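Single-structure report; data block below.
Below, each value reflects all heavy atoms present in this structure, side chains not excepted, and no hydrogens, waters or symmetry copies. As the structure is a prediction and not an experimental result, all values here were calculated from the model. Residue numbers begin at 1 in each chain, while the letters A, B, ... track the order of the sequences.
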2 protein chains.
Amino acid sequence: MQLKSLRLFMAVAETGSFVAAANQLHTVQSNVTAHIKKLEEELGVQLLQRAGRVRPTSAGLALVEYAERILTAHDEAVSLFKGQEKACGRLRIGAMETTTALRLPPILAAYHAAQPDVDIQIKTGPTAELVELLLNGQVDCVFVAGRLEHGRYHLLKAFSERLILVGSTPMTKMPSSQALLTSAFLAFRQGCSYRQRIELLLASYGVNAGRIFEFGSLDAMLGCVAAGMGYTVLPRGTVEAHQHRFGIHTLELPTSIANVDTYFVAPEPESWTPALASFADTLRDALVVDEPQLTAS
Amino acid sequence: MQLKSLRLFMAVAETGSFVAAANQLHTVQSNVTAHIKKLEEELGVQLLQRAGRVRPTSAGLALVEYAERILTAHDEAVSLFKGQEKACGRLRIGAMETTTALRLPPILAAYHAAQPDVDIQIKTGPTAELVELLLNGQVDCVFVAGRLEHGRYHLLKAFSERLILVGSTPMTKMPSSQALLTSAFLAFRQGCSYRQRIELLLASYGVNAGRIFEFGSLDAMLGCVAAGMGYTVLPRGTVEAHQHRFGIHTLELPTSIANVDTYFVAPEPESWTPALASFADTLRDALVVDEPQLTAS
DNA sequence: TAGGGCTATCTCAAAAAAAGATAGTAGCGA
DNA sequence: TCGCTACTATCTTTTTTTGAGATAGCCCTA
């Protein structure tokens with residue numbers, strides 16, 4: 001069975017005429033006859049009654065219902081990829097907790113304004129988990145810290161974060177090795193790239209296995225830091241956004257450790273849906289606007 | 001876009017291999033490549049990632065969802081007509097009130113036992129209305145009294161009813177013209193063929209315009225007859241089935257007026273769905289069994 | 001009864017699909 | 001690192017299907 005045959009059949013059923021159906025679908029009457037005939041042969045049923053008026057038999061009416069479902073689904077599928085100007089469907093984005101909280105909102109707002117028909121789904125998680133999601137096709141794109149070593153992926157440097165040390169008391173210089181060793185560190189669960197930075201930081205101070213507590217949410221983590229539970233390392237912007245809510249203090253870290261780039265990672269552009277392509281556009285636009293601020297900070 | 005292309009695409013997505021998909025659908029690998037390539041060109045999107053493992057891109061995964069819907073609907077439509085042995089779908093039957101009450105139950109039971117996957121819908125109404133429904137394709141078949149004059153329809157004499165006069169008092173002979181003229185007659189609403197018989201009966205007694213009350217249900221009608229409201233004319237079997245519930249009495253009518261055949265009417269067999277074809281089989285079987293009783297009565 | 005509008009059928013050319021053959025590529029193990 | 005294997009892409013040929021035109025037959029209407 002051909003989709004084209006179903007289209008012609010529907011046109012005949014609606015117009016009640018082979019000639020009209022042929023004109024409507026830009027072909028000739030003999031082809032309509034041939035398609036309908038083939039359909040009827042395939043299904044072993046007479047679909048149309050040709051006595052004077054052409055009208056569907058009850059078998060034909062039954063087919064109409066299914067043909068509508070089939071053709072509607074087909075049209076939707078095509079418009080998913082060929083939607084003229086306005087994308088539709090679904091966009092699944094993976095991002096780190098900090099990125100989601102601080103960087104995504106304005107971009108998502110702009111995107112939603114541009115593409116109101118796209119369902120947006122955000123999955124948050126640590127970098128390693130996000131990469132896994134992307135590789136498994138469970139998300140369409142991710143924002144992760146650090147370049148993705150995997151080949152065949154589209155990379156775009158999205159945000160430059162500067163990590164700072166966060167603690168519950170004012171700090172003017174780096175805590176001593178001894179202090180670091182006896183303090184706890186609070187980090188996102190295994191896989192978070194910021195956590196790697198914490199371990200790098202500790203290592204640079206000759207401290208190996210500080211106690212690290214794992215957290216799943218930013219609020220919980222900052223709350224515990226404020227309560228004097230220990231230190232954490234977070235992007236400056238994230239901390240500043242929450243600083244008024246918690247009694248926390250910060251300290252600059254050495255540049256080599258502090259600077260972390262967040263990349264937008266997606267498969268090759270050839271496999272992008274219009275929804276994803278449009279998101280990449282929105283993202284690029286937003287970055288051009290923000291770029292001066294980022295470099296100035 | 002071709003249904004075949006979607007089938008191949010799904011097979012590739014499932015098996016993760018062009019060769020496997022080709023074998024599964026009994027074709028060769030080069031054709032799978034060609035179909036997928038054409039699909040990708042039509043949609044302007046890369047659907048499959050060929051790096052080592054063949055796996056759908058996120059665009060491909062999006063298409064998978066729609067392809068499933070399309071192919072499922074298609075398969076259902078085909079099985080509607082090509083269902084091997086067991087029909088499915090829907091069967092809409094139109095029948096007169098009396099036929100529905102008296103004749104259909106055993107046939108429907110047998111049919112449902114044979115074809116449990118078919119949804120049965122019964123519409124009751126007077127003959128003229130049923131014919132209209134059939135002509136409009138709102139039912140698949142009807143049981144009506146008298147031959148349908150319309151051409152191009154399949155006719156099967158299903159039941160022979162013998163009409164009798166029903167009244168509230170014992171009758172040994174036909175009421176006088178005077179009695180008929182002053183009595184009311186109760187009938188189904190306009191279009192019922194039994195009603196025509198009533199008018200024929202009255203005419204044969206030289207009575208022209210007796211009062212005729214219209215009813216929509218058998219129970220209401222018999223109840224009113226029992227209450228002495230007037231006479232009615234109904235199939236003997238129908239009356240006998242209800243006689244114990246109502247205080248009603250009957251009288252044989254002249255054969256020329258009394259005998260009414262109920263016909264099974266459907267469009268030409270070429271346009272029958274398997275559900276309808278199977279119902280016709282069931283009906284024929286039931287009639288063969290009942291025939292001796294019918295002729296004996 | 002003639003004419004207009006409709007569908008079925010036939011035919012031919014063009015397009016498309018199927019199948020086979022071959023070349024190129026990635027992954028795997030020695 | 002070198003084949004070996006299994007896979008996909010491409011090219012070619014053959015077969016099938018499709019599209020469009022021409023024509024014949026049918027039904028309805030005037």
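- For the pair D140(B) and R92(B), the salt-bridge criterion is met [side-chain N within less than 4.0 Å of a carboxylate O].
- Taking the charged nitrogens against the carboxylate oxygens, D261(B) and K157(B) do have a contact shorter than 4.0 Å, which makes a salt bridge.
- N31(A) has no side-chain polar atom (N or O) that falls below the 4.0 Å cut-off from OP1 or OP2 of dT18(D).
- To the nearest 0.5 angstrom, E65(A) atom CD is 11.5 Å from E76(B) atom CD.
- Residue H35(A) places at least one side-chain N or O closer than 4.0 Å to OP1 or OP2 of dG19(D).
- When the C1' atom of dC27(D) is taken as reference, atom CD of Q49(A) falls 14 Å away, rounded to whole Å.
- Here the options are H35(B), Q29(B), K37(B), the test is side-chain hydrogen bond (donor to acceptor under 3.5 Å, both in side chains), and the partner is T33(B); only Q29(B) passes.
- Taking side-chain N and O atoms only, K38(B) has a distance below 4.0 Å to OP1 or OP2 of dA17(C).
- Nearest nucleotide to the T27(B) side chain, out of dT17(D), dA19(C), dG19(D): dA19(C).
- Outside the 6.0 Å centre-distance limit, the rings of F159(B) and F264(B) are not counted as a close aromatic pair.
- Between atom NE2 of residue H74(B) and atom CG of residue L6(A) there is a gap of 7.0 Å, rounded to the nearest 0.5 Å.
- With salt bridges taken as basic N to acidic carboxylate O contacts below 4.0 Å, one links R7(A) and D75(A).
- The CD atom of Q46(B) sits 14 Å away from the P atom of dT8(D) (whole-angstrom rounding).
- L8(A) has its CG atom 12 Å from the C1' atom of dT18(D), to the nearest Å.
- Straight-line distance from the CD atom of Q2(A) to the C1' atom of dT16(D): 12 Å, rounded to whole Å.
- Over its full length, the helix from dT1(C)-dA30(D) to dA30(C)-dT1(D) turns its helical axis through 30°, comparing axes from the five pairs at each end and rounding to 10°.
- Distance N23(B) CG to dA6(D) C1': 13 Å, rounded to the nearest Å.
- Whole-Å rounding puts the L48(B) CG to dA9(D) C1' distance at 14 Å.
- The line from OG1 of T57(A) to CD of E40(A) is 7.5 Å long, rounded to the nearest 0.5 Å.
- One interatomic measurement links the two molecules: CG of L25(B) to P of dA19(C), which rounds to 12 Å at whole-angstrom precision.
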Can you pull every protein N or O that's under 3.5 Å from an N or O on nucleotides 2-8 of chain C?
unit_1, atom_1, unit_2, atom_2, d
dT7(C), OP1, F18(A), N, 2.6
dT7(C), OP2, F18(A), N, 3.2
dT7(C), OP2, V19(A), N, 2.9
dA8(C), OP1, R50(A), NE, 2.6
dA8(C), OP1, R50(A), NH2, 3.4
dA8(C), OP2, T33(A), OG1, 3.1
dA8(C), N7, Q29(A), NE2, 2.8
dA8(C), N6, Q29(A), OE1, 3.2

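- Classification of K123(B) and E97(B) as a salt-bridged pair fails, no side-chain N sitting under 4.0 Å from a carboxylate O.
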